[in-house]
Amino acid sequence: MSGVAAVVVLTCAVGSVMVAISLHKIDEGHAGVYYRGGALLDTTSGPGFHLMIPFITTVYSVQTTLQTDEVKNVPCGTSGGVMIYFDRVEVVNILDPDNVHQIVKKFTADYDKTLIFNKVHHELNQFCSSHSLQEVYIELFDQIDENLKKALQEDIDHMSKGLSVQAVRVTKPKIPESIRKNYELMEAEKTKLMIATQKQKVIEKEAETERRKAVIEAEKQAEVSQIQFEQKIMEKESLKKISQIGDSTELARVKMQADGRLYAAEQEATANKLKLTPEYLEMLRYQALTTNTKLYFGPDIPRLFMKETTDAVVPVVAAVSNEQENRY
């Protein structure tokens, strides 16, 4: 009986060990692929505990969530023959769980070594060999990330489906110390130039502001002057209108006076015309003679003072002053 018990105990122990060896765990965000005798099995497993045949079956856990592969110390030769090194290149990628089996079948469980690591070396060397140090280090450096991401994705899509490159981050390359110092000096000079340029822009902006202020002030003065000028014109026009009204009034008054005098003269002329009768004229002549204070004697008295009759010429005396009467 003791021998049977020992066999049972031994069997249980061996069974327990075998179960422990065959039991394995797949973490969340991973997929399990199995090799048996070096051949990839068609079976894959998800997260959780699974059993496999120990010793002849091997399991690999493949990550299917977002992961970052770091490619370090990538050497690169520029078109000018300068050797530079990219200290670190980070490639953020994700593997589709439905394509795990075919990716592993083509490129093994270390698929990222073929599809990412080796490709990064290749693409960076291709880029460097066709560009100068100035372009790689300064002018085109900001384009390396996007260009590398695009090149990796195109190669992966050409070779297999299921792996997606989300982003690429490339650090500044290491360059020879002597060249680096020259670039630092160049950057310092660029910084000085930028500062000088910005200072010049500030000065130009201030000058522009002052000029605009002067223009605005001049426009203001011009507008004020224009308003004052228009006011003066309006005042002059008002005075002109007032003067014109006064002149019109004075002209009307003078015209009325002239018309009055003309009317009086016309009336007087009409009256005089009516008065000029022979009798009235004779009376006026006698009146004129009566105002004369001198006496004329002789045979040749002017006809002005003589009256002709049919018989003889008789002197006519209108009046004699008292002084002359006393004298004679």
Side-chain angles (χ1 to χ4, degrees), residues 62-63 65-96 99 103-104 106-208:
V62 179
Q63 185 175 349
T65 57
L66 204 64
Q67 62 177 330
T68 300
D69 292 324
E70 291 188 358
V71 186
K72 298 182 178 180
N73 199 27
V74 180
C76 185
T78 65
S79 61
V82 179
M83 183 62 67
I84 61 177
Y85 294 87
F86 289 93
D87 185 57
R88 186 174 67 257
V89 179
E90 297 178 350
V91 181
V92 182
N93 61 91
I94 186 170
L95 179 61
D96 184 12
N99 292 280
I103 288 287
V104 172
K106 286 184 177 180
F107 308 105
T108 74
D110 296 327
Y111 64 91
D112 50 0
K113 182 177 180 180
T114 302
L115 297 178
I116 294 177
F117 286 82
N118 293 342
K119 278 294 180 183
V120 166
H121 281 265
H122 173 73
E123 293 298 335
L124 281 179
N125 276 275
Q126 285 287 100
F127 178 79
C128 291
S129 63
S130 59
H131 296 90
S132 65
L133 178 61
Q134 173 71 17
E135 293 173 333
V136 175
Y137 193 69
I138 301 294
E139 297 175 1
L140 301 179
F141 178 75
D142 60 336
Q143 303 178 18
I144 293 179
D145 295 351
E146 191 63 30
N147 291 337
L148 183 57
K149 173 179 177 293
K150 182 179 179 181
L152 288 175
Q153 190 64 62
E154 287 178 353
D155 287 343
I156 290 171
D157 292 342
H158 178 71
M159 298 172 68
S160 180
K161 301 292 184 181
L163 182 62
S164 177
V165 178
Q166 302 296 315
V168 174
R169 296 185 292 269
V170 181
T171 59
K172 201 75 171 177
K174 295 179 180 179
I175 62 176
E177 187 66 19
S178 59
I179 299 177
R180 186 184 65 80
K181 289 181 178 179
N182 291 335
Y183 274 108
E184 288 179 353
L185 291 174
M186 183 174 67
E187 286 298 318
E189 293 298 325
K190 282 185 178 180
T191 303
K192 291 180 182 178
L193 179 61
M194 289 176 62
I195 293 173
T197 303
Q198 290 300 322
K199 187 175 181 180
Q200 182 180 359
K201 288 182 179 179
V202 171
I203 294 173
E204 290 177 353
K205 198 66 177 178
E206 291 176 351
E208 177 67 17

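Within the 4.5 Å cutoff, the side chain of P173 has heavy atoms near those of the F141 side chain. Looking only at side-chain heavy atoms (C-beta outward), L140 and F127 come within less than 4.5 Å of each other. For the pair E146 and K150, the minimum side-chain heavy-atom distance is 4.5 Å or more. Between L163 and D96 the shortest side-chain heavy-atom distance does not fall below 4.5 Å. Under the 4.5 Å side-chain criterion, counting only non-hydrogen atoms from C-beta, M186 is not in contact with N182. V62 places a side-chain heavy atom less than 4.5 Å from the side chain of V104.
In summary, the side chains of S132 and Q134 do not present any donor paired with an acceptor at a separation below 3.5 Å, with no hydrogens or angles considered.
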Could you go through residues 81-91 and list every donor-acceptor pair under 3.5 Å that involves a side-chain atom there, pairing it with any protein atom two or more places apart or in another chain?
residue	atom	partner	partner atom	Å
R88	NE	E90	OE2	3.1
E90	OE1	R169	NE	2.7
E90	OE1	R169	NH2	2.6

For residues 106-115, which side-chain donor-acceptor pairs fall under 3.5 Å, sequence neighbours excluded?
residue	atom	partner	partner atom	Å
K106	NZ	M159	O	3.4
T108	OG1	D110	N	3.3
Y111	OH	Q67	NE2	3.0

Determine, step by step, whether T65 and L95 satisfy the side chain to side chain contact (heavy atoms under 4.5 Å, CB included) criterion, reporting the C-alpha distance in whole Å, the side-chain angles of both residues, the deciding distance to 0.1 Å, and the verdict.
-> CA-CA 7 Å; T65 57; L95 179 61; over 6 Å; no

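The heavy-atom pair separating S129 from S79 by the smallest distance is O-CB, 3.4 Å. What you find for Q153 and V165 is that their closest heavy atoms are OE1-N, 2.7 Å.
Expressed to the nearest 0.5 Å, how far CG of N118 lies from NE2 of H122 amounts to 10.5 Å. Atom SG of C76 is separated from atom CD of E123 by 11.5 Å, given to the nearest 0.5 angstrom. For the atom pair Q198 CD and K205 NZ, the distance stands at 12.0 Å (nearest 0.5 Å). Taking CD from E154 and CG from D157, the interatomic distance works out to 8.0 Å, rounded to the nearest 0.5 Å. To the nearest 0.5 Å, the span separating NE2 on H121 from CD1 on I116 amounts to 12.0 Å. Of the inter-residue distances, the one linking I144 atom CD1 with T171 atom OG1 reads 9.5 Å to the nearest 0.5 angstrom.
Judged purely by atom type and a 3.5 angstrom limit, K161 has no side-chain atom pairing as donor or acceptor with the backbone of N99. Of the possible donor and acceptor atoms, none in the side chain of D69 sits under 3.5 Å from a partner among the backbone N and O of N93. Side-chain atoms of S160 do not come within 3.5 Å of backbone N or O of I156 as any donor-acceptor pair.
In this view, L66 and V92, I94, Q166 satisfy the side-chain contact (heavy atoms from CB on, under 4.5 Å) rule, not counting sequence neighbours. K119 is linked by a side-chain hydrogen bond (donor to acceptor under 3.5 Å, both in side chains) to D155, counting only residues two or more places apart in sequence or in another chain. With sequence neighbours excluded, the residues forming a side-chain contact (heavy atoms from CB on, under 4.5 Å) with T197 are L193, K201, listed by chain and number. Shown here are the ring-ring contact (aromatic ring centres under 6.0 Å, His included) partners of F117, two or more places apart in sequence or in another chain: there are none.
Around atom NZ of K192, no more than 12 heavy atoms belonging to other residues, nucleotides or ligands sit under 6.0 Å away.
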